[in-house]
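One structure is given below, encoded as structure tokens.
All heavy atoms count here, side chains included; hydrogens, waters and symmetry mates do not. Keep in mind the model is a prediction, meaning the values are calculated, not measured. We name chains A, B, ... by the order of the sequence lines, and we start the count at 1 in each one.
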Number of protein chains: 2
Amino acid sequence: MGRPPLDLTTDEIVEAACAIFLESGMDAVSMRTVSAQLGVSPEPLYKRIGNKEALLDAMAKRLLVDVAPRPRSGEHWQKYAMRWTAALHDRLSTTPDVRLVIGERREPFVEASRPLAEQLQAAGFTSDAAVQACRLLIWATMGFVVVEAGRHRAPTREQRGGLPGGNPTGISSAEARRLFRLNLKFILDGLARHNGLSAE
Amino acid sequence: MGRPPLDLTTDEIVEAACAIFLESGMDAVSMRTVSAQLGVSPEPLYKRIGNKEALLDAMAKRLLVDVAPRPRSGEHWQKYAMRWTAALHDRLSTTPDVRLVIGERREPFVEASRPLAEQLQAAGFTSDAAVQACRLLIWATMGFVVVEAGRHRAPTREQRGGLPGGNPTGISSAEARRLFRLNLKFILDGLARHNGLSAE
DNA sequence: ACCTGAACACCGTTCAAGT
DNA sequence: ACCTGAACACCGTTCAAGT
């Protein structure tokens, strides 16, 4: 029919895609569903954002853009690192699908870890040590989220052929969260020792 | 044409799928490409393995089935935990696509961690503590692999809008491996302290 | 019983054609 | 300049029809 120019911005596209993602999950996000949501044919999306990979990149970026909490004045570095990690953990845990954020999409994490790296350097970490600490905390969080995400799936076939009496490495959601905090403690204590800094 | 019965086993299907996966990557694995590889129409695959999700489950299982190394007699628990984790790390790092192994596919890890859990219990861990230790090591490895996998991608758009002089949290592959070992040390030391056991 | 081939409802992506 | 609609080459999955 030839609609008038839409002033369709990249932001509007990403927003529509995120809306579909949050409401209906990752598999519901397609160039076609997003363009339909915007009342447009798929082609304009390719004009603005290139392709689906770029759209997913932009969605991951938006999902994580404001995840880092603001440091409080006088806050101990371990305390801030715990808050930062908890914020990342919560954000990723409440995301419908971790696949959005894995693979080759590291830039959003780099952005998110900037305030943490600054805070650590202010506490006496060298630049390199601060970067390493950020990495360790991101790995810990991603590992947890990737392994523990989506434990609510319909049981499939044989389920397990092992011993009776409960899954040998199965733990509850609450236990997993406690274990995650223990992991954090190991890392933060290790970092303090390794960098010759005081623990809280 | 009506070929004679194929005696097409589930194993043959999974093997063909893995061959395609190893050679051409995850996106090349489809019910159609796998069936074509076997010289069959797609329908028999659905008869044997159900659907694509079940095929991916079986592929992940096969990928990890023999990953746990055999414990050596008299080997210290920390030493075996390090070998076990290194084996998992190597297996996942040489896998063309980590997506195969994330999401809701935890059963292969449960199987792989059985020898480790036994070894830890033999060293004095309670059953619960052994399970927790397995979890921590799996998280650490998965976090590393998921974040650091595929760092060889063509640079896309703006790449970064930050400061000049190198990516603030960018580290080389060799540095990443060193950092992974440091992470392991933090966890193993923490486990030793937390469970009142001797470090090596 | 087991396989084939066509079919259905989707994808990502491109491109001539319209306004 | 920007959008539409059709098209191409794929998907996962199902099912009547053949042997």
Review point. Between A:Asp66 and A:Arg91, is there a salt bridge with N-O shorter than 4.0 Å?
Key: yes

Practice item. Answer yes or no: is there an ion pair linking B:Arg105 with B:Glu53, defined by an N-O contact shorter than 4.0 Å? Key: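 A salt bridge is present here (some side-chain N lies under 4.0 Å from a carboxylate O).
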
Rounded to whole angstrom units, what separation is found between the [atom1] atom of [X] and the [atom2] atom of [N]?
X	N	atom1	atom2	result
A:Met31	D:dC8	CE	P	21 Å
A:Ile49	C:dG12	CD1	P	10 Å
A:Glu53	C:dT13	CD	C1'	14 Å
B:Leu55	D:dG12	CG	P	9 Å
B:Lys47	C:dC3	NZ	P	8 Å
B:Met26	D:dC10	CE	P	19 Å
B:Leu38	C:dC2	CG	P	16 Å
A:Lys52	D:dC10	NZ	P	18 Å

Review point. Hey, any chance A:Met59 and A:Leu22 share a hydrophobic cluster, counting ILVMFWY side chains that come within less than 4.5 Å of each other, even indirectly?
Key: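 Linked within one cluster.
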
Check your understanding: Is there a Watson-Crick or G-U wobble partner for C:dC8 with both distances under 3.5 Å, and if so, which one is it?
Key -> D:dG12

Point to revise | For C:dG18, the Watson-Crick or wobble counterpart (both distances under 3.5 Å) | key: D:dC2

Review point. Is any side-chain heavy atom of A:Val101 less than 4.5 Å from a side-chain heavy atom of A:Phe109?
Key: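 Yes. Closest side-chain heavy atoms under 4.5 Å.
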
**Study point:** B:Arg48 side-chain N/O to C:dC3 phosphate OP1/OP2 under 4.0 Å
**Key:** yes

**Study point:** Phosphate OP1/OP2 of C:dG12: any A:Ser30 side-chain N/O under 4.0 Å
**Key:** yes

Check your understanding: With a 4.0 Å cut-off on heavy atoms, is A:Ser35 in touch with a base, just the backbone sugar-phosphate, or nothing at all?
Key ->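 Result for A:Ser35 = nothing.
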
Review point. Which of parallel (below 30°), tilted (30 to 60°) and perpendicular (above 60°) describes B:Phe180 and B:Phe144?
Key: tilted

Exercise for review: Using the closest heavy atom to pick a nucleotide of DNA chain D for each, name whichever of B:Tyr46 or A:Arg32 lands nearer the 5' end.
Suggested key: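 The residue mapped nearer the 5' terminus is A:Arg32.
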
Exercise for review: Please figure out whether A:Thr33 or A:Glu43 has its closest DNA chain C nucleotide nearer the 5' end.
Suggested key: A:Thr33

